[in-house]
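As structure tokens, the structure follows; a few thoughts come after it.
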Protein chains: 2
Amino acid sequence: MLNIRIVLLVMGLLLVVEGAFMVLTSIVAAIYGEYDLPFFLWSALICFSIGGILSITNYKTSKNIGKREGYIIVAMVWLVFSFFGLLPFWLSGAIPSFTDAFFETMSGFTTTGSSILEDIEALPHGILFWRSLIQWLGGMGIIVLSLAILPVLGVGGMQLFVAEVPGPVPDKLHPRIADTAKRLWVIYVLYTVVETILLCLGGMTLFDAVCHSFTTMATGGYSTKQASVAFYDSAYIQYVIILFMFVAGANFTLSYSALHGRFRRVVQDEEFKYYLGFVVVVSAVVAVVLFVSGDAPTIEQSIRDSLFQVVSLITTTGYATADYLVWVPTLSIIMFMLMFIGGSAGSTGGGIKVVRIVLLLKNAYFELKRLIHPNAVIPVRFNKKAVSSTVVTNVLAFIVIYMLIVGVSMIVMSIMGYDLETSVGAVATCLGNIGPGLGEVGPAANFAHVPAFGKWFLSFLMLMGRLEIFTVVLLFSPYFWKN
Amino acid sequence: MLNIRIVLLVMGLLLVVEGAFMVLTSIVAAIYGEYDLPFFLWSALICFSIGGILSITNYKTSKNIGKREGYIIVAMVWLVFSFFGLLPFWLSGAIPSFTDAFFETMSGFTTTGSSILEDIEALPHGILFWRSLIQWLGGMGIIVLSLAILPVLGVGGMQLFVAEVPGPVPDKLHPRIADTAKRLWVIYVLYTVVETILLCLGGMTLFDAVCHSFTTMATGGYSTKQASVAFYDSAYIQYVIILFMFVAGANFTLSYSALHGRFRRVVQDEEFKYYLGFVVVVSAVVAVVLFVSGDAPTIEQSIRDSLFQVVSLITTTGYATADYLVWVPTLSIIMFMLMFIGGSAGSTGGGIKVVRIVLLLKNAYFELKRLIHPNAVIPVRFNKKAVSSTVVTNVLAFIVIYMLIVGVSMIVMSIMGYDLETSVGAVATCLGNIGPGLGEVGPAANFAHVPAFGKWFLSFLMLMGRLEIFTVVLLFSPYFWKN
């Protein structure tokens with residue numbers, strides 16, 4: 001029997017948390033004294049009321065969270081957060097359409113960063129702050145946040161953690177999940193503060209620095225400027241953002257090790273080696289082509305544009321300093337392919353994830369050996385340990401379902417009249433939680449022109465991508481609901 | 001130690017066989033009395049001379065064919081057949097460029113059907129016959145042919161067979177490989193004769209009927225008309241070709257069972273069920289969209305165009321009766337996706353193959369069950385047997401290498417200035433041995449405008465696709481050459 005009451009209790013508690021963040025944002029709105037202030041208070045009141053009622057009426061239920069409750073809670077919490085998180089945008093009239101407000105909010109929480117806004121600078125500061133804050137909250141994971149601050153979730157915590165962050169090779173930072181969550185959040189806050197300071201030193205206002213740090217560390221990609229990071233033509237600012245995007249796209253447990261002086265663990269981590277190597281090699285190739293083709297005027301600019309776009313796409317951040325669609329076709333195609341890599345497991349980045357790609361490539365390589373020595377047992381190794389065939393078939397299933405979703409979704413987008421390029425670009429960028437796509441949804445465009453159905457559909461893809469596919473797909477399989 | 005002499009011996013013997021088919025073609029050329037006759041005789045003479053020398057000088061070697069010799073022989077024989085098979089085209093001046101002649105010949109033997117010809121009807125009959133014949137020879141497989149007629153290959157036959165037709169679930173028709181090969185060829189010849197008769201009854205000339213039967217049964221797609229099958233606006237002819245394309249894309253061992261009255265084996269075969277079901281469902285959807293969107297004028301035409309294109313692409317034949325690029329975007333995208341399915345294992349079709357797609361989907365579905373019951377052993381079943389994890393990781397490796405080749409090759413094509421659509425279309429169609437692609441290499445266009453480097457590169461992809469990737473990739477892996 002499903003325990004619906006525990007689901008409702010968790011929703012209730014988390015709605016109160018969301019309301020608290022709205023109150024925090026209302027302080028920002030109050031400082032700037034713009035028209036959005038009351039709407040944050042109204043939104044918070046709604047969250048507190050509904051959250052309070054749900055919490056109080058369901059508080060006495062058993063606190064056991066089973067597998068199925070875990071999957072339901074995780075999927076629901078992201079939906080609920082988006083539906084209530086859109087209130088400030090919608091009530092204030094900053095985003096008049098309910099559909100647009102939902103799209104923008106889901107794109108925020110899932111750290112996708114695809115936007116329907118066409119004049120970002122016209123919005124009040126409170127709204128811009130909220131838009132960045134929801135990415136920051138979503139980046140580390142709503143559940144990870146809840147685990148850190150809500151002891152009531154301790155019992156079924158691991159179950160929730162796995163449903164939200166189902167990386168193929170679980171890397172336990174600490175046996176007690178609540179402690180793990182707290183440590184991750186401490187590192188996350190630390191990085192955000194440091195980036196804010198460095199950006200301020202580069203001449204950004206404190207407000208813009210905080211917002212950009214939120215969305216860098218979340219690998220979200222929302223900017224307070226319509227032109228995105230291209231607005232700042234300071235090489236210093238762009239390099240700082242490149243560095244922190246890269247860090248945010250690496251496993252946070254490695255940051256934990258590094259901050260504790262255990263650098264050997266970092267340099268020996270296999271996923272990190274591939275992640276770093278891949279960024280360096282692809283950036284170098286792109287930089288050379290950019291310079292040779294004349295798409296960037298100087299060597300420094302070639303390196304910076306290349307590094308920025310490659311890191312921005314592979315970490316699934318999605319900031320733009322250049323429109324890769326006007327580069328030579330080879331580079332546009334490389335940028336498109338980067339949308340199918342994603343950050344490291346245990347990072348705030350979305351997408352397929354480096355570890356899965358590496359496992360797939362290793363398995364393919366070893367298969368060649370097996371063809372010549374069919375009787376030899378040649379297991380795939382990762383971080384010096386043999387990877388069980390269970391993990392390999394899991395990764396296989398992930399990739400197949402991922403590609404199947406891309407294929408079916410392209411057809412759905414094409415029905416709305418989009419061509420192959422726009423269809424595949426919109427789907428790849430939303431499912432991978434990146435931000436900019438190809439064609440009519442490229443880095444110089446936005447998603448305002450997508451029909452309402454398309455916006456709901458793409459929002460759904462963002463959620464699937466953020467929860468790494470299985471959690472959402474499971475909820476739609478009849479098998480899940482059988483007793 | 002590699003036994004190079006056995007490789008040379010097999011090449012020599014097979015060159016003599018190729019020369020014999022040139023002599024056969026010269027009879028056709030003689031009947032029509034066109035300018036191409038002497039060039040077939042010259043080409044045959046070259047094959048006989050070189051083949052004869054290689055055979056005689058290496059006849060005394062050990063007839064054992066090891067794993068490595070097997071892979072080398074299979075890859076070499078397709079290359080050698082293409083290099084000598086281009087002689088009639090090139091010497092006669094029918095295709096003046098050596099590169100073009102190689103492309104056209106490799107596209108023929110691999111049953112791809114991509115063409116550089118811009119005025120097919122202007123060519124003499126001998127040349128057109130040869131062009132269709134090489135597809136027919138390549139369709140059932142050069143090695144399968146050799147096994148049937150060259151008893152000397154009996155010893156290492158299984159090794160060669162596996163290297164040429166490495167389907168994931170080997171289905172042994174008969175324990176003795178030479179007998180199997182003979183049976184397959186008998187069925188193949190039988191179907192070709194029946195189709196020829198049926199096409200003649202529909203008003204095709206005997207010459208055109210033979211040529212089209214050759215290229216239908218081979219799922220090759222070369223036509224004797226520049227407009228391909230669209231030249232014949234007879235519904236009867238188109239339905240006959242649809243039927244035989246479908247048969248050619250099914251496992252030939254099923255035809256063997258059916259011809260021996262064992263129909264239950266056919267209807268119980270799981271790959272066949274999925275193949276049939278997929279064709280029916282996709283054709284129905286496409287037919288409805290074709291009619292509703294007005295891309296086809298009548299219901300009958302919608303059904304026929306839909307069936308024809310769907311069967312033509314899924315079986316990797318590549319005949320055209322309509323230009324799917326002028327259909328609504330949704331249909332172009334569906335047609336593009338069909339390029340990643342391919343025929344059944346044991347058919348003459350290329351591509352990824354239905355059985356691999358089905359195994360991937362089943363594994364993905366079972367993975368969802370495993371997520372809820374992580375300790376339950378839930379193996380993937382195919383044809384009522386549990387599929388070992390070895391097979392699943394093999395299919396995984398195949399797909400990963402396939403997609404990796406698609407990705408890298410797209411970049412290579414884009415360097416020649418092609419956009420994303422043309423690049424991915426050209427690569428998908430050549431690697432899948434289909435024929436028409438997207439954009440500038442769509443069904444209404446051809447490959448004449450591709451630069452020379454691109455033609456060699458795409459020819460290489462055709463060969464990789466025909467030998468189902470592993471054989472060619474193995475030859476490029478350093479591991480293969482280590483003792």
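All chains are named by letter (A, B, ...) in the order of the sequence lines, taking the proteins before the strands, and each is independently numbered beginning at 1. Side chains are part of it too, since the values below use all heavy atoms of this structure and drop only hydrogens, waters and symmetry mates.
- Two residues are said to be in side-chain contact when any heavy atoms from C-beta on lie closer than 4.5 Å; A:F398 and B:E367 fail this criterion.
- Here A:T393 contributes atom OG1 and B:N363 contributes atom CG; the two are 5.5 Å apart, rounded to the nearest 0.5 Å.
- B:S423 pairs by the side-chain hydrogen bond (donor to acceptor under 3.5 Å, both in side chains) definition with nothing, not counting sequence neighbours.
- The nearest pair of heavy atoms linking B:L474 to A:L368 is CD2-O, 3.6 Å.
- Within residues 323-331 of chain B, the residues approaching chain A closer than 4.5 Å by heavy atoms are, in numerical order, B:P329, B:T330.
- Counting heavy-atom pairs closer than 4.5 Å to chain B, the top-ranked of the candidates A:L360, A:V392, A:D419, A:V424 is A:L360.
- Atom CG of B:L420 and atom CG of A:L420 lie 7.0 Å apart (nearest 0.5 Å).
- The residue among B:S414, B:S477, B:A397, B:S332 with the most heavy atom pairs within less than 4.5 Å of chain A is B:S414.
- Neither the backbone nor the side chain of B:F366 comes within contact range of chain A; no heavy atom of the residue lies under 4.5 Å from a heavy atom of that chain.
- Considering CG of B:L361 and CG of A:L404, their distance stands at 6.0 Å, rounded to 0.5 Å.
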Cut-off 3.5 Å, no hydrogens considered: what does the side-chain donor-acceptor table look like for residues 284-294 of chain A, sequence neighbours left out?
unit_1, atom_1, unit_2, atom_2, d
A:S293, OG, A:V289, O, 2.8
A:S293, OG, A:L290, O, 3.3
A:S293, OG, A:D295, N, 3.4
A:S293, OG, A:D295, OD2, 3.3

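- Remark: B:E271 engages no residue in a salt bridge (charged side-chain N to carboxylate O under 4.0 Å, His left out) (not counting sequence neighbours).
- With chain A as the partner, the residue from B:M337, B:K369, B:E421 showing the most heavy-atom pairs under 4.5 Å is B:K369.
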